[in-house]
Structures are given as structure tokens and as C-alpha cells.
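First up is the structure itself, then whatever we jot down about it.
We use all heavy atoms of the structure for the numbers below, so side chains are in, but hydrogens, waters and symmetry mates are not. What you see is a predicted model; the values in this text were computed from it and never measured.
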Amino acid sequence: MKANGQRPKARLDRWTALAAASLAFLLVVAIFGPLLSRYSAAEISEESLACPSLNHWMGTDIHGRDLLTRLLCGARISFLVGFFGAFVSLVIGSTYGALAGYAGGKVDRLLMQLVDLLYSLPTLILVIVLIALLEAPLRKALIGWQLTILLPYSRIFLLFLGLGLVEWLTMARVVRSRVLVLKAAIFVQAAQVIGRSPFGILRHHILPHLLGIVAVYLTLTVPAVILAESFLSFLGLGVEPPSASLGTLLADGAQAINPMKMAWWLLVFPGGMLAWTLWSLNALGDKLRDLLDPSGR
Amino acid sequence: MLAFLLRRLTGAVPVLLGVITITFFLVRLAPGSPFAGERAIPPAILQELEARYKLNGSLWEQYTSYVSDVLHGDLRLSTRYRNRTVNEIIGQTLPVSLTLGGSAFALALGFGIAAGVWAAVRHNRTADRLVQILCLAGISIPSFVLAPLAVLLFSLHWRLLPPGGWGSFRELLLPASCLALPYAAVVARLTRASMLEILPMDYIRTARAKGLPAATILFVHGLKPASLPIVAYAAPLAANLLTGSLVIEEIFGIHGMGSFFVEGVLSRDVFLVAGVTLVYSALLIGFNLLADLTSAWLDKRVQLS
């Protein structure tokens, strides 16, 4: 639904170019930034709660750690969770949607009813329960398998999984409706007539036509997962120390608010970073959706 | 209509039963006892505790007896907050969360619709651009970024509003606005897009030609059909506001259902977690139903099926 019923312009406008550029910038900075920094993310110093200065561009936190370095590492973790969570949701959602759409009939109705049902449940609540409760068994299993080096990452792994399990619903709906259209297309019917197997048809005729739309919704899922992860981390249920995501940093910043000494930088910089990341991902995803999927919302 | 209502309500029963089952087994099967944490408890006392909280017997027996209790309206005792029943806790905290969520809902819809209509009327003028830029900002700034910043500015720097607490209107203002703002941006965007589709239509031009007052045209002829996508968004909006209030309650120190839920999850409080999850789900199913009914009422072409 575009304003005035106009077809969206087929070129990328200035805002989208800006969003793409800033996303690229954020990614580069998150990947390489921590390597260039003079400090390490966990390095404790005497300068507790120092204001932003030439030495510490974004100031320091209560333990004297350099906020800029922590922010870059946090962005890294947030992107990581965002991409992997979105990937999990992509695998589940597109398989599910393709299956429902291709099977059709009763199977389709049943599968999509389950999606509707999940839409009407407080999914984030279920993820909180899931993550908080699966952590201990996962840790035990890791110790049992002699994989203790992975222990600090158990929470992050659960976040990939839990958030992926929540965010696949829209993907499933979109893929299903696209598959329904494709199934009725003449080239697919022709393939059926010459006796290709359903798997072959899915693989060679339907999947290639899904890639565009899946890519678009993937770019919209990444910010949703990043947001959900920050939300959980803010509550202390997500990424845990010594790792830090943007959400954990924000929670630290919120803790540091008090009327005596206002450490505004602990709040403003992580908040700004999160908002900027979400904006560039959302702006890009929205535009791509308008271009490739005019039927969507 | 009545048949539809009945069908949906009976359809909700197995869903809620599923929610109870999933949460009960998740919390019960996860390692860590709800009584752990303090000193090591002697076996005799542990047995007594388990009997008191009905956590003895096989898992299946525990489950069936819990379901039967829930069906009788008893959500049992909380293991974290000893001597308080889950019914009591929910009874005290749900009104708080509903007041917060409800105010945020009203703010999000009120501001969102107003801004959206204004932008649509002034299409491609400065006001429209302004609303669009604000929407973009609103969508990108989650409430848990907004809320601490708002406390910093309004409470600590300018000392206009209290930084926390619950009870008075002044204390409600900041948390409700912070919770509402990101969603107001979405509502504004939806309203703008949908008004822009309605306003060029012939019947609007007819209404103008008849000389009807501009407000009547805009709000009765324009907004009523244009509000369908907003109504469709209202149910997920309610869901987001309910879960979003977890964080807002934390920041402003409000003792709503969310803060008890998080505490309950962390301390393996089986019945509190199961009870609160059940309430959340029931509320959401209710909101979805309400949204369907409202859209049928707004547009007679919408079929209730």
C-alpha cells in the first residue's frame, strides 16, 4: 500500500542510499573497530565515570572501561545475534511456509492455523521462559561434552535459537503466499506435467523465485531480532558479562542514572548506536520491500 | 455474530490449555528447585515444602492436579513470595500493568491517529515531512532507550516529573508516554498511508461538494474506513505494550505484573510463571477477538469467519 497508489520509484532515493551507507559503516566499524582501539573491552582503569575526552572519546563506565571500545564490541555481538537469529528464523519460516503453500489443502490450513495461534501468544514471554530455563541444561551438556571453552557463549547460542524460534512467523506467511502464486504459474504446471518430482520442482522452479522476497524479509528480521535481544539483555536475560551487547550497555547506563552524578554518556551513546542501527536496517528493509514486494503491507 | 463469538471463545480453550502445559513442563522440568538458593534444606522439611506447594508425586499427577486447580480458578501459591497466592499477586499487579498499558494504548492511538490525519491532509507539505521524520525517529528508538533518557532529562535535569513511583497522574505520565511513543509512530504511519488512499476518492469529493463541514468529512467519511489497518494493528499493539511494559516497569520501579514475571522466571517460581503467562495469553486472545469484532463493525464487508 503506497501513498496515492503510486508505484514506488524503481531507483533508490537519497535516504535509502544513506541508510545503506550507514549500515555498511556500522558493520565495518563493528567488525574492525575493536581491533583498532587502544583499549580492550574488559580493561579496567582508575578513571571511573570519566567524561568524554580525547583519551576516551565516549567516556568511561563505572569500572573505568573505555565506552567506545565496549560499544564497538557490543555492536558486534548485537549484529551477530541479529544475523544468526534472523538466519534461524529464515530456515524455519521459509521451510514451513514453502511446505504449507506447496502441500495446500488440509495440511496448509492446519499449518497456517498454528501460525495464527502463535501470533496470538505473547512470544517474547515464552522466549524468556525458554532461555532462562534451558541455560542450565545446556551448560551441563557442554561440560559433559568437554566443550567448556564454549561455556561463555551458551546464553548467546540460546538467544540465536530462542529469537529465531519467535521471529519466523511473518516469513512463513510471506513465503506461503508467494508459493501459492508460483504453484499456479504455467512453468510450474508444465514441470508437473512432464513428471518432475515435487522436490525437484521446489528446488529448481520455486526456490529461485523466492530468494528476492526472502532476502527482503531477512533484512527486516535482523532489526527485529536485534531489538528483541537488546530488550532481553536490558532485563538481564540476554547476553551476559563478560560479553556485552547494546542492550547490556544500555542497562548499565540506565543503572548509572542518579541525581548525584549524571553519567549521560553511558546512556546517550549506546542508545544512539542502537537507534542508528535499527534505523538503517529498517529503512533499507522497508525500501527493498516496497521495490520487490508491492503487495506487502 | 454470536456463533462467531462462541466459536472463538471455545477455540481459545485448547490454546490456553496448551500454554499451561508448555509453561508448566518447561518450568518444572528445568533443573533448579524453586526452594534452592538458601541454605541446604533438610530432606524432611523439603518434603513438607513440596507437599505444601503440591510439588510431590509424579510429574503427570502434578500436572493434572494443577490443571484441575486452574480450571477451578486457583493458580496456587507462589514459591518465591511465600504465603502469597498467585491469584493475589496477579490481582494486585494486573491492574497496574493494565493501567500503564491502557494509558499507553490510548496515547499511541490518540497521538498516532491525529498526527497521521494531519500529515495526510497536508500531504507533501512541511507538516507531512515533519511527521514522517518524527515517525522514522520514533520507530527507531525503542522505549527502553527513550525511558532512561526521559528520566535523565525530565526528572533529574529539569525536575518536572517524578523519576519513578506509582499512583498519581504525574507518576503515570512519563512511563506511559515512553511506552507509547514508538507505537504512536507506527500508528501515525499507518493512518497517513490509509488516509492518503481514502481522501482522493469520489465519495469524499461528493461530501465536499455537498458542503459538509470539513471535520465531518475527515473524521466520519474519511477516518472510519481508513481505520481498518489501524484496528488490525491494534491487537499486536496491545501485545507489544504488555510485553514492553516489562522494561518500563523495571526502569520506573513500578510493581506491575512484568516485574513479578521476570523475578518469577529467575527464581523458578513454577506457579507464578505459569499463572502470569496464562493471563498474558488470555489477554492477547481477547484483544485479537476484539480487533476482529471492531473491524467487522467498521466495515460491513469484513466477514467474521
Side-chain angles (χ1 to χ4, degrees), chain A residues 1-5 15 113 116-117 119-126 128-137 139-140 223 227 230-232 234-237 246-247 250-251 253-259 262-264 266-268 270-272 274-283 286 297, chain B residues 11-12 15 18-19 22-23 26-27 29-32 120 123 136-137 139-142 144-149 151-152 155-157 159 163 190 192-194 196-197 200 229 235-236 239-240 242-244 246-247 250-251 258 261-262 265-266 268 273 276-277 280-281 283-285 287-289:
Chain A
M1 266 191 271
K2 192 70 187 159
N4 285 344
W15 276 106
Q113 249 163 23
D116 286 344
L117 190 154
Y119 257 117
S120 72
L121 290 181
T123 37
L124 214 49
I125 297 286
L126 293 177
I128 292 177
V129 176
L130 194 78
I131 288 177
L133 301 176
L134 287 188
E135 202 190 351
R139 281 173 174 271
K140 217 188 230 167
L227 183 60
S230 303
F231 179 91
L232 292 175
F234 192 90
L235 286 174
L237 295 164
L246 294 177
L250 264 169
Q255 289 265 305
I257 302 181
N258 67 61
M262 278 195 241
W264 54 267
L266 289 181
L267 211 53
V268 171
L274 182 60
W276 189 13
T277 309
L278 291 176
W279 170 75
S280 46
L281 280 162
N282 276 326
D286 274 349
R297 277 191 280 187
Chain B
V15 175
V19 169
I22 294 169
T23 36
L26 261 182
V27 191
L29 289 176
H123 184 44
L136 215 60
I139 289 166
S140 312
I141 304 176
F144 58 90
V145 172
L146 202 62
L149 284 174
V151 171
L152 202 65
S155 306
L156 300 180
H157 193 69
R159 302 186 181 277
L190 281 173
R192 176 181 173 276
S194 139
L196 282 177
E197 269 181 18
N240 289 337
L242 272 181
T243 38
L246 294 184
V247 169
E250 184 96 341
I251 294 170
F261 171 74
V262 173
V265 170
L266 293 177
R268 305 273 181 279
V273 172
V276 173
T277 311
Y280 272 127
S281 312
L283 281 173
L284 271 188
I285 291 171
F287 290 140
N288 274 314
L289 183 59

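When the candidates B:I141, B:N288, B:L146, B:T23 are compared by the number of heavy-atom contacts under 4.5 Å with chain A, B:N288 comes out ahead. The candidate with the highest count of non-hydrogen atom pairs below 4.5 Å against chain A, out of B:L283, B:L149, B:V273, B:T277, is B:L149. Contacts with chain B were tallied for A:P223, A:S230, A:G272, A:A283; A:S230 has the most, counting heavy-atom pairs under 4.5 Å. When B:S140, B:G244, B:G11, B:A239 are compared by the number of non-hydrogen pairs under 4.5 Å with chain A, B:S140 comes out ahead.
If you measure heavy-atom distances from B:F261 to chain A, the contacts under 4.5 Å come from the side chain alone. Residue contact with chain B, scored on non-hydrogen atoms closer than 4.5 Å, is absent for A:L281. Looking at B:I251, the atoms closer than 4.5 Å to chain A (heavy atoms on both sides) all sit in the side chain, from C-beta outward. Both the backbone and the side chain of B:V247 come within less than 4.5 Å of a heavy atom in chain A. Proximity to chain B involves both the backbone and the side chain of A:I125, based on heavy atoms less than 4.5 angstrom apart. In this structure, chain A has a heavy atom under 4.5 Å from the side chain of B:L266, while its backbone stays farther away. For B:V19, the part sitting under 4.5 Å from any heavy atom of chain A is the side chain, from C-beta outward, and nothing else.
Among residues two or more places apart in sequence or in another chain, the side chain to side chain contact (heavy atoms under 4.5 Å, CB included) test is passed with A:L227 by A:L278, B:P142, B:F144. Under the side chain to side chain contact (heavy atoms under 4.5 Å, CB included) criterion, B:I22 pairs with B:L26, not counting sequence neighbours.
Taken from CG in A:D286 to CD1 in B:I139, the straight-line distance is 7.5 Å, to the nearest 0.5 Å. Note that CZ of A:F234 and CD of B:E250 are 7.5 Å apart. Values are rounded to the nearest 0.5 Å. Between the CG atom in B:N240 and the CZ atom in A:F231 there is a gap of 9.5 Å [rounded to 0.5 Å].
Contact check for B:L246 versus A:L124: no side-chain heavy atoms found under the 4.5 Å cut-off.
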